[in-house]
Every structure is written in C-alpha cells, then in structure tokens.
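Residue numbering restarts at 1 for every chain, and letters A, B, ... go by the order of the sequence lines.
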2 protein chains.
Amino acid sequence: MKKAATIRDVAARAGVSVSVVSRVLNDTGPVAPAKRAQVLEAIEELGYRPKAAARQLSQERPDTIGLLLADLANPFFARLADRVVAEARSRELQVVLMTTQEDPHLEEQALRTLLDRSVGGVIGTPTGHNVEHWEKLAKLEMPVVFVDRAIEGLDQVDVVSIENVESAATATGHLLDRGHRRIGLVPGPLDTTTGIERVRGYERALAERGVARDDRLVRPVPFRGESGADVMAQMLALDEPPTAVVVANTAQVRVVLRMLAQGRVSIPDDLSLVVFDDNPWTDLIQPPLTAVRQPIDMLALHSVDLVHARMRQKLPPSPRRVRVAAEFLERSSTAEPRTG
Amino acid sequence: MKKAATIRDVAARAGVSVSVVSRVLNDTGPVAPAKRAQVLEAIEELGYRPKAAARQLSQERPDTIGLLLADLANPFFARLADRVVAEARSRELQVVLMTTQEDPHLEEQALRTLLDRSVGGVIGTPTGHNVEHWEKLAKLEMPVVFVDRAIEGLDQVDVVSIENVESAATATGHLLDRGHRRIGLVPGPLDTTTGIERVRGYERALAERGVARDDRLVRPVPFRGESGADVMAQMLALDEPPTAVVVANTAQVRVVLRMLAQGRVSIPDDLSLVVFDDNPWTDLIQPPLTAVRQPIDMLALHSVDLVHARMRQKLPPSPRRVRVAAEFLERSSTAEPRTG
DNA sequence: TTGTAGGCGTTATCAC
DNA sequence: GTGATAACGCCTACAA
C-alpha cells in the first residue's frame with residue numbers, strides 16, 4: 001500500500017505493452033476493443049492514476065495556470081479567484097494560487113517561481129512594478145493575461161478588464177446630474193491602468209458638463225493601508241469640501257466607510273457616495289450603497305478562455321484586450337446636495 | 001528566445017558537469033568555490049530555472065500542496081486561503097487551489113485529481129461526503145489536513161479547527177446570562193464536525209443553566225442556498241418565538257440578516273443575535289454584530305505546518321488534532337430580552 | 001572534488 | 001494494431 005502503480009504495472013497486469021496503455025489513456029491511436037477492456041480493468045484494479053509530473057516532462061505544456069492575485073482578503077479578488085477556479089475546472093486546468101499583497105517584492109518572488117515553467121500560463125493582477133519580469137515571462141512564450149488592471153506600456157500581454165473610463169464617467173455623471181459640482185475621487189494608485197482610466201473617466205464627465213477639475217479633489221491612494229481615510233478627512237476639511245465622492249479603489253471602500261461613520265458624516269445627507277465594486281454586504285449596510293458592479297464571472301471567463309486558447313496556441317500572437325461593461329447600481333447613498 | 005535552457009546548457013557554459021550544477025543548485029555536496037562562481041554566472045547569463053516537472057519526477061515529493069476549500073465567495077474561506085498561501089510561501093510551497101462549492105460531486109472530482117500525486121499533501125474543508133475517497137488519499141500516504149471542519153469517524157487525518165464546543169457554549173451562555181431562555185441555533189449541516197460540535201456546545205450551555213432544549217429551536221441548514229432565511233422565519237413564527245439566535249453557519253449569516261431586515265425585525269430589540277465568524281463588515285452594519293471570531297491566521301499556520309511536517313515525514317504517524325481558541329466579541333446585537 | 005550513467009513515469013516515433 | 005525504445009530534464013549513486 002505504499003508506492004503507486006505505474007503505467008508499466010498496468011501494462012503487465014493487462015498483458016499488453018505500455019504503448020497500448022498510453023493509447024487508451026489518451027485516446028491517441030488504435031486499440032483492439034478486447035485489449036482496451038483489459039487495460040481499463042487493470043487500471044481500475046490497481047487504482048492507477050498517471051503521474052502528472054511525468055506527463056508534463058514528456059509532453060508539451062503543463063495543464064496548470066498560475067493565478068497571481070493581489071490579496072484574497074479583498075472580496076473582489078476572492079470572488080474572482082472563485083470564478084477562475086470554476087472556469088479552469090471546466091477546462092480541466094489546475095490553478096496554482098499566489099498573492100502579491102500589493103507588494104512588488106512578493107510579486108517578483110512569485111514571478112521568479114512562475115519562471116520554472118510549472119504552469120502553462122498566468123492570469124494576474126500586476127502591482128504595476130516588475131515590468132521587466134513580466135516581460136521576461138512573455139518573452140519565454142508564457143501566455144500572460146492581466147485581469148482587472150494592466151501595466152501601461154506593457155503591450156505584449158492580453159488584458160481583461162471592465163470599461164473603466166466609461167464606468168467612472170457614469171458614476172461621476174450620475175452625481176453631476178443630481179447637481180453636485182464638487183466631487184471627490186479616490187482611485188487606486190496610478191501605476192496601474194485601473195487608476196489611470198478611472199481618473200480619465202471622471203475627468204471626461206466633468207469636461208462634458210463644463211465643470212472645472214480641482215486637483216485637491218482627486219486623491220489616488222495605495223491599495224494597502226488606511227490612507228483612504230486620511231485623504232477623505234483632508235477633502236472634507238477643505239474650505240469648499242466635496243458634496244459627493246467616488247471611491248474607485250475597491251480596497252479602500254471599507255476604510256472610507258469606517259472613517260465616515262466615526263466622523264459622523266451622514267450619507268447621503270452630508271455626502272453622497274458611489275463605490276467601485278459591489279460587495280456582498282453593500283446592501284446590508286445603512287444606507288445601501290450606490291455602486292459600480294463589476295461582472296466578475298465575465299472577467300474570469302474571458303481570462304481563463306484567453307490563457308487556455310494561448311496555451312493551445314489557438315490564437316494569433318497579437319495581444320487581445322477584452323473589456324466588459326460594468327453595471328451601475330443606484331441605491332441610497334446618493335442624493336442631491338444639500339442646498340446651503 | 002524560444003526554448004529554455006537546461007541544466008546541461010548551464011554545465012556546458014560553465015565548463016563543468018551537470019552534477020556540479022545540480023550540487024550548487026541544491027547545495028547537496030561539495031563544490032570548488034571557483035566552479036561555483038562560474039556556475040552561478042552561467043545560470044545568471046542563461047536565465048536558467050530548473051524545471052519543476054523534471055525535478056519532481058526524479059525526486060520524491062512535490063513541493064506543492066492542494067488546497068480544497070468550499071467556496072471562495074465566503075469571506076471566511078477567502079481569508080483562510082489568503083493566509084494559507086502566505087504560510088506556504090514562507091516554506092517555499094506552492095498551492096494549487098480547488099473548490100467544492102459544497103457539492104460532493106465536485107469534491108469527488110477534485111479528490112480524483114489530487115490522486116495524480118501532483119501535490120505532496122492536501123489541506124481541505126470536506127463536504128462530509130466522499131469518505132472513501134479521502135481514505136484512499138490517506139492510504140496512499142498523502143498527508144491530509146482537515147481545516148475548520150472534519151468528518152466524524154475519519155480518524156487517519158489531521159484536523160485543525162477552533163474550539164467549536166467551547167465557542168458555541170460561550171455564545172449561548174452569553175445570551176442565557178442576559179436572561180434569554182428561548183434561544184435559537186442555526187448551525188451548518190450535521191455531516192461535519194463543525195455542525196455537530198456547535199450543537200453540542202449549545203446544549204451544554206443550556207444544560208449547565210438547567211434550561212430545557214426545544215428541538216424546534218435547533219435548525220441545521222446547508223451551507224448553500226438560502227434556507228437560513230426560511231428556518232429563521234419558521235422560528236419567529238412559533239407560538240413562543242426565540243428571543244435570541246446564534247447563527248453558527250458562516251455561510252448563512254448574510255442570508256439571515258437580509259431576511260431579518262426585510263421582516264423589520266429590530267436587533268437587538270426584537271431579537272438578539274450572535275454570529276459565527278467576524279467578517280470585515282460585521283462592524284460596519286447597524287448594529288455592529290456580536291460575533292465569534294475565528295483566528296484565521298492560526299488555522300492557516302497550523303494547517304500548513306502540519307502538511308509540511310508530514311511531507312517531510314517529520315511527524316509520528318498518529319493523527320494530530322489541533323484546536324485553537326476562538327474569541328468572543330461582544331458588540332451591540334445582543335441585549336436583554338424585552339420583558340413582556 | 002568531479003564526472004558518468006542510470007532512473008524517475010510518460011509520451012511519441014517507428015518498425016513490425 | 002502492437003511493442004520496443006528514445007526522449008523529456010533533473011537528481012544521485014558510484015566511480016574516478
């Protein structure tokens with residue numbers, strides 16, 4: 001009951017050669033029905049399972065993808081992982097999971113590991129650093145798909161994300177249409193396309209309505225830490241504080257909410273709020289939050305589709321950019337600004 | 001720029017034999033300082049990375065663990081995954097992630113895959129079914145660690161969990177001490193030790209205070225679906241409805257809250273509430289919830305420690321049961337029962 | 001201290 | 001249809 005059976009054991013048991021066994025296993029050539037039956041039986045009796053490592057060694061690409069996410073404590077990435085795993089399974093792909101914790105150093109470590117070709121492709125949310133390492137991966141002909149965010153200027157990889165510009169414009173426009181003129185924006189860091197594009201959408205909405213942009217109201221903050229609270233406090237302390245804020249950094253939503261609660265800022269009376277990403281609890285709190293919902297299953301579906309296709313070289317080499325629409329959910333955290 | 005360098009390329013480049021390269025790589029034998037330097041240089045220049053599959057094939061155990069969780073959409077498991085990945089990295093272990101979605105069939109599929117020995121050990125939250133498959137894994141000498149929950153009667157595997165009996169007793173006792181006498185309990189399914197033990201703790205607390213148990217107030221529900229809402233409704237519709245409820249099924253907390261909100265049940269005025277697991281949003285809602293906080297990092301730490309030690313056969317064969325204490329957090333969802 | 005050679009478990013290529 | 005046999009890339013006796 002110690003060492004597992006090998007293909008040779010099966011062959012011996014079934015009275016055939018290893019090639020026959022291999023053929024019934026992979027359906028890769030003709031086998032006499034009778035022998036096939038014997039082989040199948042032997043496999044069953046021995047509880048034989050082909051060893052993944054051996055298969056990889058002789059074959060082409062591993063049937064495994066690397067999933068390099070920022071941080072599973074963020075429900076957005078957690079749900080993304082959940083869907084990626086599900087999509088991968090339906091394609092008989094394994095998923096090895098790694099996290100960067102938004103730390104470039106950890107990301108580098110992970111990328112280095114990925115270089116050992118234990119995976120046939122990678123889906124990741126880059127920190128925005130380590131550009132050379134990502135490039136090296138791509139150069140090695142390792143399929144790479146960025147999901148949710150990308151690195152500006154790194155063009156040889158596929159990207160799957162929501163329509164960030166559109167979504168931010170919609171969110172901002174919603175507030176403008178309700179009469180807000182001073183609108184704060186708290187995006188993620190600008191190392192990453194997500195932050196950049198959401199700022200762009202915000203600016204577009206302002207421009208379309210002829211509202212001037214005030215630099216003090218656009219405050220990018222890192223994903224990690226609590227600085228979302230600080231910048232909120234700073235904005236609210238301005239001579240002319242914003243009457244509405246778009247929190248376009250999913251990792252900072254909780255921090256911001258907590259700060260507002262502590263500061264006894266009433267929503268939407270004192271401040272209207274739109275947040276990016278619709279968490280499972282977004283409708284449990286008071287008031288339920290107006291949110292941009294990212295279609296996580298679509299993001300997962302396209303990401304896995306892309307790596308999978310590339311792993312089987314089913315795609316022309318030119319990089320793909322898939323953008324899916326996000327949904328704007330109006331709930332109760334936005335209202336007209338208080339007059340006076 | 002196509003095919004990656006092999007150990008032989010490095011050897012050639014450095015003017016040494018493969019064994020020397022292997023030795024500097026794994027620090028498994030003596031190497032002349034001069035040659036070592038040449039090898040290192042060659043590795044650098046060629047961007048050489050040993051291929052994981054080949055290494056596994058010749059060596060014994062893969063440096064990879066399987067993590068088979070219920071469902072990453074549940075923040076508890078998501079955070080658990082996050083910590084497991086972190087602990088694994090610090091031990092240079094890879095993590096392949098799979099989910100059961102609480103579906104025995106998916107679990108079986110995953111277990112079957114695990115049988116291909118692509119992993120050296122498994123950490124999992126079993127659905128409660130597929131006992132034979134889990135046993136088969138263990139028989140194959142694959143280290144298996146159940147985390148959070150276990151299967152009663154399956155004794156050859158390690159288990160890491162919180163003190164479920166204690167925690168449930170504390171939660172129930174807290175309510176009893178505040179004067180509640182009719183206390184509802186909504187545990188998970190009884191296929192799993194988590195459900196069983198929490199019921200036991202609940203009963204113990206009642207017994208200690210000489211309060212009779214009412215079967216109608218103990219309503220196990222599956223992790224999936226929305227039945228938590230139904231049983232809540234049923235309990236509240238009793239002639240003598242409970243004045244307090246312990247939701248000991250992390251997956252049903254949200255469902256229950258939503259139902260109570262819709263039913264305009266005021267907490268804690270109409271009903272006191274204690275929930276299992278302290279989610280990141282537990283203190284954002286109104287009122288902040290009294291909760292049993294599971295020390296997720298400890299669960300992760302011990303789980304990874306155990307598989308890792310077993311993979312290196314550092315442990316006597318007898319199964320380990322690690323239980324860590326959970327923390328009871330009193331917040332504002334519990335009060336004395338309304339008199340009259 | 002170093003190099004040679006055999007083995008790990010599959011798949012794939014060919015003769016038969 | 002079938003069965004040897006050579007890869008695949010690395011590790012590790014064992015010999016030098």
Side-chain angles (χ1 to χ4, degrees), chain A residues 2-40 42-43 46-64 92 94 113 115-120 140-141 312, chain B residues 2-40 42-43 46-64 113 115-120 140:
Chain A
K2 290 194 79 153
K3 55 182 359 176
T6 79
I7 196 174
R8 254 177 280 273
D9 300 328
V10 175
R13 191 96 149 82
V16 301
S17 76
V18 293
S19 339
V20 175
V21 179
S22 179
R23 272 187 239 119
V24 343
L25 242 33
N26 308 296
D27 188 41
T28 174
V31 175
K35 301 219 167 188
R36 166 186 306 288
Q38 300 169 33
V39 170
L40 257 16
I43 289 178
L46 268 45
Y48 168 75
R49 295 242 66 207
K51 190 162 185 164
R55 174 171 272 171
Q56 270 183 48
L57 188 55
S58 77
Q59 252 187 174
E60 61 303 346
R61 293 211 179 259
D63 56 348
T64 301
E92 306 199 285
Q94 300 310 116
T113 298
L115 242 21
D116 71 8
R117 290 142 298 155
S118 49
V119 301
L140 241 44
E141 297 194 338
R312 306 184 314 167
Chain B
K2 293 194 79 153
K3 56 181 0 177
T6 79
I7 196 174
R8 253 176 282 272
D9 299 328
V10 175
R13 190 96 150 83
V16 301
S17 78
V18 292
S19 18
V20 175
V21 179
S22 179
R23 271 187 243 120
V24 344
L25 244 32
N26 310 296
D27 188 42
T28 173
V31 175
K35 300 218 169 192
R36 167 186 303 284
Q38 300 169 35
V39 170
L40 256 16
I43 288 178
L46 267 44
Y48 168 75
R49 295 243 67 206
K51 190 161 184 164
R55 170 172 275 169
Q56 273 183 46
L57 189 54
S58 66
Q59 265 182 167
E60 59 299 349
R61 295 231 181 240
D63 56 348
T64 302
T113 299
L115 243 20
D116 71 8
R117 292 143 295 156
S118 49
V119 302
L140 240 45

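The distance from atom CG of B/Asp116 to atom CD of A/Gln94, rounded to the nearest 0.5 Å, is 7.0 Å. Between atom CG of residue A/Leu46 and atom CD1 of residue A/Ile7 there is a gap of 12.0 Å, rounded to the nearest 0.5 Å. Note: B/Lys51 NZ to A/Leu57 CG = 6.5 Å, rounded to the nearest 0.5 Å. Taken to the nearest 0.5 Å, the OG atom of A/Ser17 stands 11.0 Å off from the CZ atom of A/Arg8.
For DNA chain D, the outermost nucleotides in 5' to 3' order that have an atom under 4.0 Å from a heavy atom of chain B are D/dG9 to D/dT12.
Contact check for B/Leu25 versus B/Ile43: side-chain heavy atoms found under the 4.5 Å cut-off. Side-chain contact between B/Arg23 and B/Pro30: present, with at least one pair of heavy atoms (C-beta onward) separated by less than 4.5 Å.
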Protein-to-nucleotide contact annotation, 5' to 3' order, nucleotides 4-16 of chain C [B base; S sugar-phosphate only; - none; under 4.0 Å, heavy atom] | B--BBBBSB----
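A search for side-chain contact (heavy atoms from CB on, under 4.5 Å) contacts involving A/Asn26 returns A/Ser22, A/Thr28, A/Arg55, not counting sequence neighbours.
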